[in-house]
Amino acid sequence: MKLNYRDLVILGVLLAIAILVAGFFLLVKPKNDDRKKNLETLATLEQERSEVDNKVAEIEPLKTEIKSIHKETMNLSDPFVDYNNIVNARKLDQYMQHFAEDCEVKVMSLNASDLDKSQLAYYYFTPSFIAEDQIAQADLDGSQQAMIAAAKAESDALSARTTEDVLAGQYSISVTGEQEAIWNYMKALEEQEETIIINSVTLGNVEFKENSGMRTDDEEATAQFVITLYSVYDLAEPNVEE
């Protein structure tokens with residue numbers, strides 16, 4: 001069949017359209033689909049990057065906070081005696097010797113223990129009231145019971161707290177010297193800044209004047225001290241750079 005010019009034009013147009021349609025489905029559409037997937041992947045990656053950036057931004061404040069907490073914890077442990085100074089009986093005795101030397105008292109005998117676990121109880125005074133049940137019966141307006149509750153508030157709060165485990169070394173020592181030297185030794189133990197507690201003091205060969213702590217003779221005094229030294233393990237330095 002012979003095609004005229006008009007039919008050739010129409011056929012050419014249809015062929016061109018067919019080529020365009022085929023090209024769209026074979027080339028353009030897959031590329032467009034890939035583009036959409038790439039855009040979705042890009043959006044996901046940008047979201048992940050944003051989350052990572054946010055976490056990175058939190059690192060420096062977190063590092064600062066960790067260092068601050070570590071510093072505060074170390075400040076809390078500062079009053080305790082350094083673990084390495086009293087880790088065993090020999091170290092404990094060496095640590096305590098300077099108190100006797102500085103105060104010029106003579107050590108007659110001593111007993112030092114190795115460091116061991118102990119409980120550090122809270123020190124508090126519990127007030128007592130005679131016939132407290134009768135006070136309650138007579139207290140019609142409740143004012144006396146309120147006063148009693150206020151007086152006991154501190155001791156009630158502290159008695160309810162859980163005591164904490166610490167390290168403790170026991171040190172018993174007998175010393176002799178002038179009364180002033182004995183007093184200075186006791187004062188030095190009381191005024192040092194670390195957690196050293198005098199549990200008991202027994203004085204011997206001491207006489208007192210009325211209203212005075214001074215001796216009435218020149219004979220040397222003796223004293224027996226029982227002392228507890230408390231320590232804690234230092235908190236390890238946090239590695240915030242990894």
Side-chain angles (χ1 to χ4, degrees), residues 63-125 155 158-206 213-215 219-242:
K63 287 165 58 175
T64 301
E65 183 179 358
I66 291 173
K67 290 180 179 179
S68 177
I69 293 174
H70 179 264
K71 182 178 179 180
E72 290 175 5
T73 303
M74 295 302 294
N75 289 339
L76 290 175
S77 66
D78 278 347
F80 290 92
V81 183
D82 190 329
Y83 167 83
N84 294 315
N85 287 338
I86 59 173
V87 64
N88 54 43
R90 179 178 60 84
K91 288 281 190 178
L92 175 57
D93 181 44
Q94 290 176 344
Y95 177 79
M96 291 296 296
Q97 279 300 316
H98 77 89
F99 290 105
E101 294 170 358
D102 293 345
C103 299
E104 299 181 346
V105 296
K106 299 175 184 177
V107 178
M108 306 302 293
S109 65
L110 63 87
N111 180 34
S113 71
D114 290 339
L115 207 60
D116 199 1
K117 186 175 76 170
S118 179
Q119 284 192 328
L120 188 59
Y122 297 97
Y123 176 80
Y124 58 89
F125 168 72
S155 60
L158 291 176
S159 64
R161 290 186 180 181
T162 302
T163 55
E164 301 295 336
D165 288 336
V166 293
L167 303 172
Q170 197 79 21
Y171 192 75
S172 300
I173 183 171
S174 295
V175 297
T176 184
E178 294 183 0
Q179 177 173 284
E180 190 68 24
I182 298 292
W183 289 169
N184 288 339
Y185 182 74
M186 188 184 306
K187 185 177 181 182
L189 293 175
E190 290 175 346
E191 292 183 349
Q192 49 75 40
E193 296 181 352
E194 295 182 310
T195 310
I196 300 177
I197 306 297
I198 301 176
N199 301 111
S200 66
V201 180
T202 303
L203 298 175
N205 194 31
V206 178
M214 300 302 294
R215 286 172 49 79
E219 190 174 355
E220 286 192 336
T222 60
Q224 172 79 31
F225 291 86
V226 178
I227 302 163
T228 302
L229 299 88
Y230 294 98
S231 182
V232 293
Y233 292 113
D234 287 339
L235 184 65
E237 183 78 26
N239 185 359
V240 296
E241 302 303 328
E242 290 188 353

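Just so you know, these numbers use all the heavy atoms, side chains as well, and skip hydrogens, waters and symmetry mates.
Separation of atoms CZ (F99) and CD1 (I196) is listed at 4.5 Å; rounding is to 0.5 Å.
What you find for G169 and L115 is that their closest heavy atoms are N-CD1, 3.6 Å. A pairwise comparison of heavy atoms in A100 and V107 identifies CB-CG2, 3.9 Å as the closest pair. T176 approaches A221 most closely through the heavy-atom pair OG1-O, 3.0 Å. Among all heavy-atom pairs drawn from E220 and E178, the shortest one is CG-N, 4.5 Å. Here the closest heavy-atom approach between residue V232 and residue V166 is recorded as CG1-CG1, 4.1 Å. Summarising the geometry of N84 relative to D82, their closest heavy-atom pair is N-OD1, 3.0 Å, with the distance given to 0.1 Å.
In terms of modelled atom types and a separation under 3.5 Å, the side chain of N199 and the main chain of T228 share a donor-acceptor contact. Looking only at distances, no side-chain donor or acceptor of S231 sits under 3.5 Å from a matching main-chain atom of L167.
The side-chain hydrogen bond (donor to acceptor under 3.5 Å, both in side chains) analysis of residues 86-99, with sequence neighbours excluded, yields the pairs D93-Q97, D93-Y171, Y95-E194, H98-D102.
Taking Q224 as the reference, S174 meet the side chain to side chain donor-acceptor pair (under 3.5 Å) condition, with sequence neighbours excluded. Remark: E193 pairs with no residue by the side-chain contact (heavy atoms from CB on, under 4.5 Å) rule, at least two apart or across chains. Here S200 pairs with nothing under the side chain to side chain donor-acceptor pair (under 3.5 Å) rule; sequence neighbours left out. Residues passing the side-chain contact (heavy atoms from CB on, under 4.5 Å) test with N111, sequence neighbours excluded: S172. In terms of the side-chain contact (heavy atoms from CB on, under 4.5 Å) criterion, residue partners of I198 (sequence neighbours excluded) are, by chain and number, M186, L189, E190, V201, F225. S118 meets the side chain to side chain donor-acceptor pair (under 3.5 Å) test with no other residue; sequence neighbours excluded. Partners of E191 under the side-chain contact (heavy atoms from CB on, under 4.5 Å) rule, at least two apart in sequence or in another chain, are K187. Residues meeting the side chain to side chain donor-acceptor pair (under 3.5 Å) test with Q119, sequence neighbours left out: T163.
The shortest side-chain heavy-atom distance between E104 and N184 does not fall under the 4.5 Å cut-off. Considering only heavy atoms from C-beta on, Y185 comes within 4.5 Å of I173 through its side chain.
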Take L110 and M96, measure what side chain to side chain contact (heavy atoms under 4.5 Å, CB included) needs, and give me the verdict at the end. CA-CA 11 Å; L110 63 87; M96 291 296 296; over 6 Å; no
